[in-house]
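Here is the structure we will look at, set down as structure tokens.
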2 protein chains.
Amino acid sequence: MNETKQLQQFKELLKRNKYKNTPERRLLFETMLRQSSPCSIQELIDLVKNSMNETTVYRNLETFEEIGAVTRVYSGWRYKLELSDMFRGHHHHMTCRNCGDVISFDEQPSLLAELHKIEQKHGFTMQSHSLELEGLCSNCC
Amino acid sequence: MNETKQLQQFKELLKRNKYKNTPERRLLFETMLRQSSPCSIQELIDLVKNSMNETTVYRNLETFEEIGAVTRVYSGWRYKLELSDMFRGHHHHMTCRNCGDVISFDEQPSLLAELHKIEQKHGFTMQSHSLELEGLCSNCC
DNA sequence: CGCTAATTGCAAGAAATTTGCAATTACAAG
DNA sequence: CTTGTAATTGCAAATTTCTTGCAATTAGCG
């Protein structure tokens, strides 16, 4: 199945960064893989609270960020977390202000072209970018 | 001077929303007006700590957000705050991963056009958007 | 000028995040 | 397959961030 492939990739990423492949890390990763939209830290803590300590969640999320396995997504109050492009493909988000739904959409090549223009104009080397839209989804408007 | 005009606008915004024009609110606003890049709450608390209580900063920032005077900016760990488009014009940010500098740049019409395409494609009504770039600035790359 | 509701400061409380440390575990070397 | 060792975990406590209650003060309307 597909999940196994990503888990495999994750294990290699850990190894490459000299981090251990613990059950807690696998579970946290697999839990994140199952989410269809970004989660807050508290949501993640709740999702795995029977299998690991809160402190461990914090520490592992930090590690995951360090090795590039997870990305912060900013919508609403506190930031949320999701697996990085490496596991989910590059995409952006639209958050509906009415129902709170987060919809993902793919990168448009023409949008990327615009970003490169900006990059050149300012002598900036872009390593990543994030685009967040807010408004009303097709159900709510 | 220019600052006075924005302060005037701010006072009217308060009145329109039935909030009082207190010295604390004016000072917090003027302090934010002086910043060239978004500030964390802690930075703002430090900047005004001789003139007002921490709690007051929290409460007023919440009010400012409610009336649309400030916007959250997401870069780095916790979110940061800056005056909204109303006072600073619409713009985006590039954060340097090396020196931490935040550079602002204006909206490109062609970029906006791209966003409208996405909006139509997904039947979404966009009310606001934010674009954040990360990478290395011209000094650091 | 005086009234009233909004705002402030302070103290206390709750929530989120970090740290120290002893016990456990992954995994590499033999 | 054992063994050694450093990384990881859980727990308790500390710290930091944010919120709430309440009495005292103040802005702004009449």
Side-chain angles (χ1 to χ4, degrees), chain A residues 7-32 38-81, chain B residues 7-32 38-81:
Chain A
L7 185 58
Q8 196 52 44
Q9 205 181 349
F10 173 67
K11 288 181 191 168
E12 278 158 23
L13 184 64
L14 283 175
K15 177 174 275 186
R16 211 176 322 131
N17 287 276
K18 305 225 194 333
Y19 283 117
K20 287 183 180 174
N21 169 18
T22 67
E24 289 80 7
R25 285 176 178 160
R26 286 193 303 272
L27 177 67
L28 184 57
F29 177 81
E30 289 185 298
T31 302
M32 294 187 78
C39 295
S40 67
I41 294 191
Q42 288 307 319
E43 286 167 337
L44 288 171
I45 287 173
D46 280 351
L47 283 166
V48 299
K49 68 157 153 278
N50 295 319
S51 319
M52 95 190 68
N53 191 277
E54 195 182 345
T55 304
T56 303
V57 177
Y58 275 106
R59 287 197 273 224
N60 280 333
L61 287 175
E62 199 185 334
T63 303
F64 289 8
E65 271 200 289
E66 190 205 317
I67 65 179
V70 320
T71 315
R72 285 172 193 231
V73 175
Y74 297 105
S75 67
W77 279 81
R78 287 194 174 65
Y79 64 85
K80 299 185 173 183
L81 296 160
Chain B
L7 185 58
Q8 195 54 43
Q9 205 182 348
F10 172 68
K11 288 181 191 168
E12 279 157 23
L13 184 64
L14 284 174
K15 177 174 277 187
R16 212 177 319 134
N17 287 276
K18 306 222 194 331
Y19 283 118
K20 288 183 178 172
N21 168 18
T22 66
E24 288 80 6
R25 285 177 178 157
R26 286 194 302 274
L27 177 67
L28 185 56
F29 177 82
E30 289 185 298
T31 302
M32 293 187 78
C39 295
S40 67
I41 294 192
Q42 287 308 319
E43 285 167 337
L44 288 171
I45 287 173
D46 281 350
L47 284 166
V48 299
K49 67 157 155 278
N50 295 321
S51 319
M52 93 190 71
N53 191 277
E54 194 183 343
T55 304
T56 303
V57 177
Y58 276 106
R59 288 197 273 226
N60 280 333
L61 287 175
E62 200 185 333
T63 303
F64 288 9
E65 271 200 289
E66 189 205 317
I67 65 179
V70 320
T71 314
R72 283 171 195 232
V73 176
Y74 297 105
S75 67
W77 280 81
R78 290 191 173 67
Y79 65 85
K80 298 185 174 183
L81 295 160

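The structure displayed is predicted, hence computed values, not measured ones. Order of the sequence lines fixes the chain letters, A, B, ..., with proteins taken first and strands second; residue numbering starts at 1 for each chain.
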Could you check how far [atom1] of [X] sits from [atom2] of [N], rounded to whole Å?
X	N	atom1	atom2	value
B:Glu54	D:dT19	CD	P	11 Å
A:Tyr58	D:dT9	OH	P	16 Å
B:Glu65	D:dT19	CD	P	11 Å
A:Glu62	D:dA7	CD	P	16 Å
B:Arg59	C:dC10	CZ	P	12 Å
B:Tyr19	D:dT26	OH	C1'	18 Å
A:Asn50	D:dT9	CG	C1'	17 Å
A:Lys49	D:dG10	NZ	C1'	17 Å

Taking 4.0 Å as the cut-off, does a side-chain nitrogen or oxygen of [X] come that near to OP1 or OP2 on [N]?
X	N	value
A:Thr22	D:dT9	yes
A:Asn53	D:dC11	yes
A:Thr56	D:dG10	yes
B:Asn21	C:dA6	no

Using side-chain heavy atoms (C-beta onward) and a distance below 4.5 Å, is [X] in contact with [Y]?
X	Y	answer
A:Asn21	A:Arg26	yes
B:Met32	B:Leu61	yes
A:Val48	A:Leu44	no

Quiz item: What nucleic acid atoms does B:Arg25 come within less than 4.0 Å of, heavy atoms only: base, sugar-phosphate, or nothing?
Solution: sugar-phosphate

Quiz item: A:Glu24 near the nucleic acid: base, sugar-phosphate alone, or nothing, with a heavy-atom cut-off under 4.0 Å?
Solution: sugar-phosphate

Quiz prompt | Basic-acidic side-chain contact under 4.0 Å: A:Glu43, A:Lys80 | solution = no

Self-check item: Shortest side-chain distance from B:Lys20, nucleotide among C:dT8, C:dA6, D:dC29
Solution: C:dA6

Quiz item: Of the nucleotides D:dC29, C:dT7, C:dG9, which one has an atom closest to the side chain of B:Lys15?
Solution: D:dC29

Self-check item: Earlier contact from the 5' end, DNA chain C, for A:Gln42 and A:Thr55
Solution: A:Gln42

Practice problem: Inspect the surroundings of NZ in A:Lys11 and state if more than 12 heavy atoms from other residues, nucleotides or ligands are less than 6.0 Å away. | Solution: yes

